[in-house]
S.K.: 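If you scroll down you'll find the structure; I have some questions about it.
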There are 2 protein chains.
Amino acid sequence: MHLKIEKIIEYCLANNILLTNQQSLIIKIITEIASPLTANEILHELQKLNPKANRMTIHRALEILVKNGIIHKVAFNHTYKLCDHLYCKHDHHCQILVCQECGNQTEIHNLKITEALLEIGKTYNFNLANPLEITGLCTKCQMKGTL
Amino acid sequence: MHLKIEKIIEYCLANNILLTNQQSLIIKIITEIASPLTANEILHELQKLNPKANRMTIHRALEILVKNGIIHKVAFNHTYKLCDHLYCKHDHHCQILVCQECGNQTEIHNLKITEALLEIGKTYNFNLANPLEITGLCTKCQMKGTL
DNA sequence: TGATATAATGTTACATTGTAACATTAAAGT
DNA sequence: ACTTTAATGTTACAATGTAACATTATATCA
Ligand SMILES: [Zn+2]
Ligand SMILES: [Zn+2]
Ligand SMILES: [Zn+2]
Ligand SMILES: [Zn+2]
């Protein structure tokens, strides 16, 4: 068993987040496949294990997992990824660098951004959501562009 | 005629961005309707003027306008809005506060965020895109939640 | 002007993401 | 075992967006 999965299960138990078999499988899929997945990709993976598995189940599970901060939904390319910081103790403001070319995602935890965001939140009385999506071109895709 | 539209037309002429009739109409729609619009909403508006108008035309026009920084595409709720800063001279790093409840959008221009982003861009060799979408709850929607 | 090349628009068909309403099945409580 | 509740599955639908191709304007040149 993956170490990450154990930590998540542990976290869920500690925080009274009940997981059904299928929801555990969805976490397993998202955890074991490193790259961010779309709902459909998760569905196809789940259907390898349970051919009757359905899109609704995926979306219902994703909703729970997002709500509990276990995974992040990335609006830019409709993907879902495990939160890297789940098992950390910090106050959990994360930012995700999303490559608009290849979809690669890097989760970071930058203090300056966090501070600037909190200030903006106060100034505009805006209740910030987590995470912050920062779109752009990753190193690889910048190289490709200049060829 | 709207003042903003004139400035945009002027900007396009100066920057060799050719606009067809329909593209001008799309700018007009986005400019005159204050709130951000989805592609479909823009289409419905355009069809009031040209019943044969087609979704493809909208998307093709939007692509040009986004590419030239005249409008922003907001991934969070698939909307398009006029860039408030088009006719400003500054180096144009903008951030948009997007309410995940009502969809309201406030475009800002915050130096601290910009600086922090540039630093991140360097650190991770990540070529930042504009604008930055900051999601959360606007003041109104925070109030609703506490009722 | 009239023929021809180019760009813009329109048409059709499709893939993807997501939800609403309802039916069925599994789990829990009595 | 019966009942209640929660989870899952089914069907149907709406919205966003694109690909491939047909048609129509627009510009260019003989
Ligand atoms: Zn995270
Ligand atoms: Zn990339
Ligand atoms: Zn802007
Ligand atoms: Zn709001």
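Chain A is the first sequence line, chain B the second, and so forth, proteins listed ahead of strands; every chain is numbered from 1.
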S.K.: So, using ring pair (Phe, Tyr, Trp, His ring centres under 6.0 Å) as the criterion, who are the partners of B:His44 when residues are at least two apart?
M.R.: none
S.K.: Taking atom types as modelled and ignoring hydrogens, do the side chains of A:Thr38 and A:Asn40 form a donor-acceptor contact shorter than 3.5 angstrom?
M.R.: no
S.K.: Using the heavy-atom set of chain B and a strict 4.0 Å cut-off, write down the first and last nucleotide of DNA chain D that makes it in, 5' to 3'.
M.R.: D:dA15 to D:dA19
S.K.: Mark yes when over 12 heavy atoms from residues, nucleotides or ligands other than B:Gln47 sit less than 6.0 Å from its CD; otherwise mark no.
M.R.: yes
S.K.: Tell me what B:Asn50 touches on the nucleic acid: a base, only sugar-phosphate, or nothing, going by heavy atoms under 4.0 Å.
M.R.: sugar-phosphate
S.K.: Under the ring pair (Phe, Tyr, Trp, His ring centres under 6.0 Å) definition, can you give me all pairs with a residue in residues 49-74 of chain B, not counting sequence neighbours?
M.R.: B:His72-B:His92
S.K.: Return the set of residues passing salt bridge (charged side-chain N to carboxylate O under 4.0 Å, His left out) with B:Glu45 (not counting sequence neighbours), or none when no residue passes.
M.R.: B:Lys48
S.K.: To the nearest Å, how far apart are A:Lys52 NZ and C:dT25 C1'?
M.R.: 8 Å
S.K.: Going by the salt bridge (charged side-chain N to carboxylate O under 4.0 Å, His left out) test, which pairs reach into residues 103-115 of chain A, not counting sequence neighbours?
M.R.: A:Lys81-A:Glu107, A:Lys112-B:Glu119
S.K.: Measure all distances between protein nitrogen or oxygen atoms and nitrogen or oxygen atoms of nucleotides 15-19 of chain C, and list the pairs falling under 3.5 Å.
M.R.:
residue	atom	partner	partner atom	Å
C:dT17	OP2	A:Asn40	ND2	2.8
C:dG18	OP1	A:Lys73	NZ	2.7
C:dG18	OP1	A:Tyr80	OH	3.4
C:dG18	OP2	A:Tyr80	OH	3.3
C:dG18	N7	A:Arg55	NH1	3.1
C:dG18	O6	A:Arg55	NH1	2.7

S.K.: How many angstroms lie between CG in B:Leu65 and SG in B:Cys83, if you round to the nearest 0.5 Å?
M.R.: 12.0 Å
S.K.: Report yes if some heavy atom in the side chain of B:Ile42 is under 4.5 Å from a heavy atom in the side chain of B:Leu62; otherwise report no.
M.R.: yes
